[in-house]
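Quantities reported herein were computed from a predicted structural model and do not represent experimental measurements. Along the sequence shown, the residues carry numbers beginning at 1.
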Amino acid sequence: MLQVKAQYELKAPRQRVWEHLLDTGTLQACIPGCERLTPSAVPDQYDVVMRVGVSAIKGTYTGKVVLTVVEPLQRYRLQVEGKGAGGFVRGEGVLTLHERGESTWVEVEGRVTLGGLLAGLGQRVAGGVARLLLDTFFACLQKRLG
């Protein structure tokens with residue numbers, strides 16, 4: 001199991017950051033390799049197709065993202081499941097927003113389990129890939145926030 005922990009400063013008010021973190025258009029544009037993110041019939045659940053081109057996890061992955069424990073403007077928990085030719089990914093994380101001055105800090109904390117060929121990556125490589133994906137997502141989010 002891989003532990004993920006990071007913080008990102010976004011130069012925007014918490015309300016705008018929150019809205020973007022729940023907007024499917026923003027999420028699809030900013031999740032690296034996301035080809036499709038569509039709401040499913042279940043509230044706060046999305047079907048996702050991602051094409052990942054990083055390291056040994058290259059390939060197309062299909063799965064679900066589910067938001068749970070949504071506390072508006074504060075935090076939400078998300079559960080992620082995906083599978084592809086390289087194996088599977090299961091994860092759970094919490095995004096917490098803190099407003100400081102004119103910025104909003106987003107704290108990310110979670111756990112990821114890899115299976116199949118992905119499990120052979122090793123924690124160091126998988127941790128680096130996870131960090132790269134998070135950094136790319138939050139850089140895109142900052143650009144969209146202006």
Side-chain angles (χ1 to χ4, degrees), residues 1-40 42-84 86-114 118-119 121-146:
M1 184 177 321
L2 172 68
Q3 299 288 333
V4 177
K5 192 170 188 174
Q7 285 190 6
Y8 295 91
E9 179 183 12
L10 299 169
K11 296 182 186 312
R14 183 175 12 196
Q15 177 71 38
R16 284 195 57 229
V17 172
W18 180 258
E19 289 168 359
H20 276 72
L21 285 172
L22 294 175
D23 178 69
T24 54
T26 296
L27 294 174
Q28 183 169 339
C30 290
I31 294 171
C34 186
E35 293 184 343
R36 189 179 68 214
L37 181 72
T38 54
S40 74
V42 178
D44 294 328
Q45 182 171 304
Y46 304 88
D47 296 318
V48 64
V49 175
M50 292 179 60
R51 183 175 309 277
V52 181
V54 180
S55 186
I57 64 169
K58 287 183 180 179
T60 300
Y61 293 81
T62 59
K64 295 195 180 313
V65 175
V66 181
L67 302 181
T68 62
V69 193
V70 177
E71 298 174 33
L73 301 176
Q74 301 295 317
R75 72 181 55 81
Y76 63 74
R77 178 177 302 275
L78 65 129
Q79 297 170 324
V80 178
E81 289 185 16
K83 62 182 175 180
F88 70 86
V89 176
R90 284 191 195 108
E92 179 177 289
V94 176
L95 276 72
T96 305
L97 281 66
H98 305 278
E99 198 164 45
R100 295 186 190 140
E102 295 185 15
S103 294
T104 301
W105 285 80
V106 179
E107 182 180 330
V108 179
E109 193 167 346
R111 299 183 303 271
V112 178
T113 302
L114 305 173
L118 294 176
L121 285 176
Q123 208 167 36
R124 196 173 92 184
V125 172
V129 171
R131 184 61 181 220
L132 173 66
L133 295 174
L134 282 170
D135 290 351
T136 302
F137 173 82
F138 281 100
C140 174
L141 183 57
Q142 181 61 69
K143 284 181 186 174
R144 290 182 72 94
L145 287 165

> Are the side chains of L141 and L21 in contact, using a 4.5 Å heavy-atom criterion?
yes
> If you round to the nearest 0.5 Å, how far is NZ of K5 from CZ of R111?
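The NZ atom of K5 is 13.0 Å from CZ of R111, to the nearest 0.5 Å.
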> CD of E92 to CE of M1: how many Å apart, nearest 0.5 Å?
9.5 Å
> Please test V49 against Y61 for side chain to side chain contact (heavy atoms under 4.5 Å, CB included), starting from the C-alpha separation and ending with a verdict.
CA-CA 6 Å; V49 175; Y61 293 81; over 6 Å; no
> First locate atom OG of S103, then atom CD of Q142, and finally report the distance between them rounded to the nearest 0.5 Å.
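With rounding to 0.5 Å, OG (S103) is 8.0 Å from CD (Q142).
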> When you compare the side chain of Y8 with that of D135, does any pair of heavy atoms fall below 4.5 Å?
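In short, these two side chains touch, coming nearer than 4.5 Å.
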> Minimum heavy-atom separation for L37 and T24, please, with both atom names.
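Residues L37 and T24, closest heavy atoms: CD2-O, 3.9 Å.
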> Let's go through R51 and T60 carefully: what are the C-alpha distance in whole Å and the side-chain angles of both, what is the deciding distance for side chain to side chain donor-acceptor pair (under 3.5 Å) to 0.1 Å, and is it a yes or a no?
CA-CA 4 Å; R51 183 175 309 277; T60 300; 3.0 Å; yes
> Report yes if some heavy atom in the side chain of Q28 is under 4.5 Å from a heavy atom in the side chain of E35; otherwise report no.
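Not touching, per the 4.5 Å side-chain cut-off.
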> With sequence neighbours left out, what residues match C34 under disulfide bond (SG atoms under 2.5 Å apart)?
none
> Would you check if R16 and L145 make a side-chain contact, meaning some heavy-atom pair closer than 4.5 Å?
yes
> Please report the interatomic distance NE2(H98) to CZ(R14), rounded to the nearest 0.5 Å.
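Going from NE2 on H98 over to CZ on R14, the span is 8.5 Å.
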> Between K11 and E9, does a salt bridge (charged side-chain N to carboxylate O under 4.0 Å, His left out) hold up when you go through it step by step?
CA-CA 6 Å; K11 296 182 186 312; E9 179 183 12; 3.5 Å; yes
> Please find the pair of heavy atoms, one from L2 and one from A130, that lie closest to each other, and give the distance.
CD2-CB, 4.3 Å
> I'd like to know if D47 and K64 make a salt bridge, using a cut-off of under 4.0 Å between side-chain N and carboxylate O.
yes
> Let me see the working for R75 and E107 under side chain to side chain contact (heavy atoms under 4.5 Å, CB included), right down to the final yes or no.
CA-CA 9 Å; R75 72 181 55 81; E107 182 180 330; over 6 Å; no
> Give the minimum heavy-atom separation between A29 and R144, together with the two atoms involved.
CB-NH1, 3.4 Å
> Are L97 and V17 close enough, and set up right, to give a side chain to side chain contact (heavy atoms under 4.5 Å, CB included), and what steps lead you there?
CA-CA 8 Å; L97 281 66; V17 172; 3.9 Å; yes
> Short question: side chain of S40, backbone of Q45 - any donor-acceptor pair under 3.5 Å?
yes
> Can you tell me if CD on E71 sees more than 12 non-hydrogen neighbours from other groups inside 6.0 Å?
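Correct, the count exceeds 12.
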> Given side chain to side chain contact (heavy atoms under 4.5 Å, CB included), test V80 with L78 step by step and report yes or no.
CA-CA 7 Å; V80 178; L78 65 129; 3.4 Å; yes
> I'd like to check the side chain to side chain contact (heavy atoms under 4.5 Å, CB included) partners of V89; sequence neighbours left out, ordered by chain and number.
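Side chain to side chain contact (heavy atoms under 4.5 Å, CB included) list for V89, sorted by chain: V112, L114, L118.
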> With side chains defined as the heavy atoms from C-beta onward, is the minimum distance between I31 and M50 less than 4.5 Å?
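In short, these two side chains touch, coming nearer than 4.5 Å.
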> Supply the atom-to-atom distance T113 OG1 to E81 CD, rounded to the nearest 0.5 angstrom.
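One gets 10.5 Å once the value is rounded to the nearest 0.5 Å.
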> Counting C-beta onward and ignoring hydrogens, is there a side-chain heavy-atom pair between Y46 and L67 closer than 4.5 Å?
yes
> Any side-chain heavy atom of V66 within less than 4.5 Å of one from D44?
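Answer no - side chains too far apart.
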> Mind checking what makes ring-ring contact (aromatic ring centres under 6.0 Å, His included) contact with Y76, not counting sequence neighbours?
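By the ring-ring contact (aromatic ring centres under 6.0 Å, His included) rule, Y76 matches W18.
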> Quiz question: by atom type and distance under 3.5 Å, do the side chains of R77 and T68 form a donor-acceptor pair?
no
> Compare all side-chain heavy atoms of T96 with those of W105 and state whether any distance is below 4.5 angstrom.
no
